[in-house]
Amino acid sequence: MPTLRRLGAHLVLAGSLIWLSACAGASEFLKAASPKARVVGVRLTDLNLEHITVGFDVEVSNPLGVDLPLLDVAYELGSSGTPFLDGVAEIGGFVPAGGSKTVAVPVRLDFAQTLSTLSQFRPGNQVPYDAALSLSVDPPGLAPIVLPLRKEGTFPIPAVPKVSVASM
């Protein structure tokens with residue numbers, strides 16, 4: 001009887017090891033087959049004395065065999081450890097099966113709000129920023145996936161131009 005118990009314990013151990021290795025293989029497969037995103041560009045799309053719109057260009061790759069619906073991008077901007085803006089940009093659309101797509105994520109910064117939070121900066125300065133983006137996608141048949149992104153850079157705060165009249 002003790003030999004039978006020992007054999008049963010060995011079978012349970014062997015089955016557990018096989019199950020764990022299958023889970024690890026499935027995990028590696030899902031990691032390799034999951035969508036990826038990266039920030040490929042940052043540009044100013046609108047600049048005036050009241051606000052600036054920063055466009056984050058995000059490339060999303062879809063290794064899946066089906067189109068990948070895009071949901072939204074949550075963002076938070078900070079400077080020197082101080083958060084000063086957050087929000088959500090609805091992007092919609094989809095990334096084709098086995099392909100990639102670049103989507104624009106517009107983020108509007110109002111200077112009055114930004115300067116009240118970041119009082120050490122004045123018009124004419126370059127403000128360093130750290131952007132944390134979370135792109136949400138909805139693969140068919142699976143739970144939505146959030147792809148985290150980070151980007152650092154600077155944006156200008158325009159100074160009011162000095163105007164003088166030489167003569168009338």
Side-chain angles (χ1 to χ4, degrees), residues 20 22-160:
L20 285 172
C23 286
S27 173
E28 290 301 315
F29 171 75
L30 288 175
K31 225 182 253 185
S34 67
K36 308 256 186 297
R38 64 188 182 109
V39 178
V40 293
V42 180
R43 55 195 161 76
L44 301 179
T45 59
D46 185 21
L47 173 65
N48 61 40
L49 294 176
E50 296 174 2
H51 69 266
I52 185 173
T53 302
V54 179
F56 291 93
D57 294 324
V58 178
E59 181 184 64
V60 185
S61 61
N62 176 14
L64 303 174
V66 294
D67 291 346
L68 179 65
L70 299 169
L71 300 176
D72 58 32
V73 177
Y75 55 85
E76 182 177 286
L77 271 67
S79 182
S80 304
T82 303
F84 63 88
L85 181 67
D86 62 17
V88 176
E90 302 293 328
I91 51 175
F94 65 90
V95 180
S100 65
K101 178 179 183 177
T102 301
V103 295
V105 180
V107 176
R108 183 177 164 160
L109 302 162
D110 291 317
F111 291 125
Q113 175 189 356
T114 303
L115 289 174
S116 70
T117 305
L118 303 173
S119 58
Q120 73 268 30
F121 296 104
R122 300 281 174 244
N125 289 152
Q126 291 283 325
V127 177
Y129 70 84
D130 176 30
L133 307 168
S134 298
L135 174 76
S136 297
V137 296
D138 191 14
L142 299 173
I145 298 172
V146 176
L147 304 171
L149 304 157
R150 291 199 83 77
K151 184 68 176 174
E152 295 178 355
T154 60
F155 64 84
I157 298 177
V160 177

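We use all heavy atoms of the structure for the numbers below, so side chains are in, but hydrogens, waters and symmetry mates are not. Treat the numbers as computed from the prediction; the structure is a model and nothing was measured. Positions are given from 1, in the same order as the sequence printed here.
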Would you mind reporting whether [Y] and [X] have side-chain heavy atoms less than 4.5 Å apart?
X	Y	value
Phe94	Leu68	no
Ile145	Pro35	yes
Arg108	Thr53	yes
Val88	Val73	no
Ile91	Leu135	yes
Pro139	Leu64	yes
Arg43	Asp57	yes
Tyr129	Val42	yes

Could you measure the distance from the [atom1] atom of [X] to the [atom2] atom of [Y]? Nearest 0.5 Å is fine.
X	Y	atom1	atom2	value
Asp130	Lys151	CG	NZ	11.0 Å
Leu77	Leu85	CG	CG	5.5 Å
Ser61	Arg38	OG	CZ	8.5 Å

Quick check: closest heavy atoms across [X] and [Y], and the distance to 0.1 Å?
X	Y	result
Ser34	Pro63	O-CG, 3.5 Å
Ala89	Val105	CB-CG1, 4.0 Å
His51	Asp46	NE2-OD2, 2.7 Å
Phe56	Ala131	CZ-CB, 3.8 Å
Thr154	Pro128	CG2-CA, 3.9 Å
Gly99	Val95	O-CG1, 3.6 Å

With no hydrogens and no angle check, is any side-chain donor or acceptor of Asn62 less than 3.5 Å from a backbone partner on Pro96?
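Indeed, once roles are kept as given, a pair shorter than 3.5 Å links the two residues.
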As a quick check of understanding, evaluate side chain to side chain contact (heavy atoms under 4.5 Å, CB included) for Thr102 and Glu59, giving each step before the final call.
CA-CA 4 Å; Thr102 301; Glu59 181 184 64; 4.0 Å; yes
